[in-house]
There are 2 protein chains.
Amino acid sequence: MDFSPALHRLSRLAPMDHAAVSALTESMGRSQHYRPRRDLVVEGRDIPSPQLILSGWAARVRILLDGRRQFLNFLLPGDVVGHYHHHSPVAPTSVITLTEVTTCVPPDWGTSPSLDEAYAVAHALDEAYLLAQIARLGRMNAMERIGDLMLELQERLAMSGLTQGASYDLPITQETLADALGLTAVHVNRMLQAARRAGDLLWSSRSMTIPDPKALSRKVGRAQVRVSSG
Amino acid sequence: MDFSPALHRLSRLAPMDHAAVSALTESMGRSQHYRPRRDLVVEGRDIPSPQLILSGWAARVRILLDGRRQFLNFLLPGDVVGHYHHHSPVAPTSVITLTEVTTCVPPDWGTSPSLDEAYAVAHALDEAYLLAQIARLGRMNAMERIGDLMLELQERLAMSGLTQGASYDLPITQETLADALGLTAVHVNRMLQAARRAGDLLWSSRSMTIPDPKALSRKVGRAQVRVSSG
DNA sequence: CGCTAGTTTGAGCTAAATCAAGTGAGGTGG
DNA sequence: CCACCTCACTTGATTTAGCTCAAACTAGCG
């Protein structure tokens with residue numbers, strides 16, 4: 001199994017020194033595997049320990065009393081779950097796997113300055129993606145939401161080297177996408193067809209292609225998420 | 001001017017030791033004042049320094065290219081803006097004042113263990129409110145969004161001692177509320193009238209009253225945000 | 001070969017948006 | 001103290017984006 005995407009991403013967030021790389025590879029030795037649709041973290045329960053996603057997709061989720069489901073954000077390789085640096089011992093939301101997922105327990109804070117830096121930047125990015133999600137759900141229409149999210153995923157996966165040119169692997173169902181975008185699966189389906197007809201998004205057999213990201217960004221009125229560190 | 005609400009809230013997040021209280025009162029001596037509709041932080045600009053809200057309301061906001069506006073969260077007395085503990089020197093969103101606002105630069109991290117604790121818990125709560133906002137916008141209808149947000153504000157203001165029984169001061173316009181809830185002002189107006197008719201929410205002359213919070217919580221399918229520390 | 005999970009299509013329906021025209025209250029200046 | 005202006009709120013009529021329900025269709029898989 002190749003765990004380089006996670007390493008790739010952390011190195012991009014902050015250049016990894018030797019201590020960081022060796023601590024990380026050591027951690028990755030003790031990896032955990034999960035099947036799809038398993039709970040990684042359960043809301044309200046004690047958080048076991050932070051987990052670094054090595055491969056596969058997971059998501060934070062909130063379920064309303066009547067069963068309505070909202071995915072709060074996606075967790076991709078290189079993302080850290082449950083890094084509540086210090087306090088607040090209780091998980092504020094559940095995390096479930098969307099695909100087969102491999103994780104490991106990442107090295108503690110303080111292991112290496114560059115790793116700490118990467119953790120901090122990762123956390124700042126996490127928050128930026130939450131803010132983007134709020135703007136998406138609050139003020140964008142269905143078409144814009146889809147385009148905007150696909151662009152965000154493209155950017156994020158690019159950071160872990162998980163894109164192939166203008167394409168990336170999108171291993172989720174339209175139903176899942178709908179629950180992330182605050183829409184119904186039926187409507188997502190129709191909008192995806194429209195996006196394909198417009199030449200904005202090509203999605204088939206798990207592969208998402210964005211022929212012209214700049215044009216799409218412009219079309220959905222998208223602002224960039226900066227990756228600045230330091 | 002009475003700045004006790006902020007102090008009240010921080011003390012509730014973590015019991016303040018003597019060092020913390022004196023550092024805070026000292027900071028509050030050098031307070032800044034802002035008029036309504038002023039920028040506290042501008043997106044993309046360098047962050048000057050963190051600010052502790054002492055009085056008044058502010059909000060993080062994102063504006064789309066065509067002018068659509070989404071408030072990401074409200075900032076109330078006792079909230080800290082721009083505490084990007086370590087890195088990421090660029091503001092990810094703008095912050096604007098909604099009312100007259102007084103702020104001060106809070107004591108640095110490390111000034112007192114109990115203050116650090118309070119900052120950490122405040123930050124965790126911040127994130128919890130962002131998640132709540134996502135679920136609200138993604139999966140609740142207009143009536144539920146309004147009820148849920150009004151309950152959240154009640155809870156938050158209670159932490160700073162800014163509630164009077166079942167009521168609190170709500171110094172914003174319906175337009176502002178609409179931009180926080182991803183709705184139009186016209187629709188918010190109609191839903192507020194319906195809520196009043198149903199006896200769920202009474203809002204007049206800036207005073208919001210929730211006659212039966214438990215019933216309303218049940219009605220909107222609301223989950224509690226925990227304030228656990230430690 | 002037949003399940004099952006996912007996608008697609010069609011036909012209404014409805015919550016919320018849009019557009020447009022009031023009303024009302026506070027604040028200012030003449 | 002009144003006239004006027006502005007900003008917020010209210011109301012009505014109409015439109016529409018997205019939902020709901022229900023029934024195919026498709027593809028992988030044991």
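We use all heavy atoms of the structure for the numbers below, so side chains are in, but hydrogens, waters and symmetry mates are not. Per chain, numbering begins at 1; letters A, B, ... match sequence-line order.
- Under 4.0 Å is where a charged nitrogen must lie from a carboxylate oxygen, and between A:Arg60 and A:Glu43 no such pair does.
- Taking 4.0 Å as the cut-off between side-chain N and carboxylate O, B:Glu100 and B:Arg38 do not count as a salt-bridged pair.
- Between A:Arg139 and B:Asp179 there is a salt bridge, since at least one side-chain N of the basic residue sits less than 4.0 Å from a carboxylate O of the acidic one.
- The distance between atom CZ of A:Arg68 and atom C1' of D:dT20, rounded to the nearest whole Å, is 14 Å.
- B:Arg37 comes within 4.0 angstrom of the backbone, heavy atoms only, and of no base.
- Contact between the side-chain N/O atoms of B:Thr184 and the OP1/OP2 oxygens of C:dA17 is found at a separation under 4.0 Å.
- Remark: the B:Ser31 side chain and the B:Thr102 side chain contain no N/O donor-acceptor pair separated by less than 3.5 Å.
- Separating the CE atom of A:Met191 from the C1' atom of C:dT9 is a distance of 13 Å, rounded to the nearest angstrom.
- Between the P atom of D:dC19 and the CG atom of A:Asp66 lies a distance of 15 Å, rounded to the nearest Å.
- Across the protein-nucleic acid pair, B:Arg206 atom CZ and C:dG26 atom P stand 13 Å apart, rounded to whole Å.
- The pair A:Arg156-A:Asp79 counts as a salt bridge, with a side-chain nitrogen and a carboxylate oxygen less than 4.0 angstrom apart.
- Between the side chains of A:Tyr129 and A:Glu155, no donor-acceptor pair of N or O atoms lies under 3.5 Å.
- Side-chain N/O atoms of A:Gln133 and A:Arg136 include a donor and acceptor closer than 3.5 Å.
- Two residues are said to be in side-chain contact when any heavy atoms from C-beta on lie closer than 4.5 Å; B:Thr25 and B:Phe3 fail this criterion.
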Whether each nucleotide of nucleotides 24-30 of chain D has a protein heavy atom under 4.0 Å at its base (B), only at its sugar-phosphate (S) or at neither (-) is summarised, 5' to 3', as -------
Using a 4.0 Å heavy-atom cut-off, write out nucleotides 9-17 of chain D from 5' to 3' as B (base contacted by protein), S (sugar-phosphate only) or - (no contact). SSBBB----
